[in-house]
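Read the numbers this way: they start at 1 and go in the same order the structure lists the ligands and their atoms. The figures that follow rest on heavy atoms only: side chains count, while hydrogens, waters and symmetry mates do not.
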Amino acid sequence: MLGHVARLSKLPLNYLQNRGGIWTGRGERNYKVTVVGAEGGIGQPLSLLLKQNPLIEQLALHDVIEAKGVAADLSHICTPAEVSHFRSEELLEALQDAHVVVVAAGLPRKPGMSRDELMAANASVALTVACAVSIACPEALLAFITNPINAIVPMAAEFLKAKGVFDPNRLFGITTLDVVRSKTFIGKFMSIDPDLVDIPVIGGHAGITILPLLSQCYPKFPEAEVEELQRLRQRIQEAGTEVVEAKAGKGSATLSMAYAGAHFVNALLRGLDDEEDVLECAYVASNVAELPFLATPMLLGPNGIKQNLGLPSMNEEEKAAFEEMLPELRDSIQLGIRSAQTAMKDIQQEDNASEQIPTNKRASQSE
Ligand SMILES: NC(=O)c1ccc[n+]([C@@H]2O[C@H](COP(=O)([O-])OP(=O)(O)OC[C@H]3O[C@@H](n4cnc5c(N)ncnc54)[C@H](O)[C@@H]3O)[C@@H](O)[C@H]2O)c1
């Protein structure tokens, strides 16, 4: 991925490379980050990592289950970020003045669960958060962890559009875990520090829609090992299932996702801080290919996406894999848009119905 940017910007690779753990910002602390779903398996370790971020001044925790205990616990850690917590009905207050909203709310995938079943379970999260963001902090950067990312992000975009506040540069599906896993598995395979590996991961965030571009990997693989690379790609694509099965019904990836989420939030904050060459892959609204949402490498800046770097170079085999996954990704995008439209129609009908109830009946109904 960095090789791609270096070629674009004519900068030496190691000028761009960002290593050494999660925190690499300049350390000017003045941002508010809200974690929605802070009590959960991802939400708790994510909040723990964010409490240590030198760029964060206020860390607001929200969940439908009260996050009071998590907030009290985190607030004893000797870092300056102020931790606050908000009850279920206090989402608007939690979001007030937030610069970044990261959404780790929703059901994790269970073994055998289909994408549509997961979508049915988590669509209300996208609806609730997008509506609240449109009221409380429409200029915040909104980053979803909630699965299925491929459908949830288009769904949230549709709500934000309906509310008249959609900015394609400010809405993200976090796919960083795919990059983190790629770096780890490739680093192990090559017997090098995984943090030295750079690789763009494009497409989406489920199965074959996750496309790590091994031909663009830095450092480069020897030609002879191409078949091994294909096996590696399959492992990266199925890594989520590896964790779901290992946890045997007790959830999906939480700790590695918290690491990936904290890394991505830090990148968003570094972009807000106007740091140069903040480069990440994420699933965003896009016009670089035929689909309206796609994960690609991008530069982040003070307004979210500074520049979508588009599709990196691909070899013939990767081009074929890219073409092969497009129908699945298209279906997920359509599922997200359809779900949003149905939900908005239902809300409209409920509003109309309540307007038609005579005032005296409405009063007695609300008692
Ligand atoms: N993007 C990725 O790479 C990735 C990786 C792993 C998991 N996930 C997804 O992240 C989500 C969370 O996973 P988890 O393992 O932490 O689940 P979890 O069940 O442990 O935690 C979810 C939390 O969300 C809260 N919640 C539910 N609805 C809410 C709402 N409307 N508002 C506020 N809080 C709400 C719950 O009370 C719970 O505390 C799942 O959808 C999972 O599939 C994404």
Minimum side-chain heavy-atom gap Leu309-Leu279 below 4.5 Å: yes
Counting heavy atoms only, which part of [X] comes closer than 4.0 Å to ligand 1: side chain, backbone, both or neither?
X: Ser252; result: side chain
X: Thr128; result: neither
X: Leu107; result: backbone
X: Met257; result: side chain
X: Asp178; result: neither

Gly251 to ligand 1, any heavy atom closer than 4.0 Å: no
Phe293 to Ile333 - nearest heavy-atom pair and separation: O-CD1, 3.7 Å
Within a distance under 4.0 Å of any heavy atom of [X], pick out the atoms of ligand 1 and give their elements.
X: Glu39; value: 39 (O)
X: Ile145; value: 1 (N), 2 (C), 4 (C), 8 (N), 9 (C), 10 (O), 44 (C)
X: Ala104; value: 12 (C), 22 (C)

Nearest neighbour in protein (non-hydrogen) for atom 27 (C) of ligand 1: Gly106 N, 3.6 Å
Partners meeting side chain to side chain contact (heavy atoms under 4.5 Å, CB included) with Ser88 (sequence neighbours left out): Val64
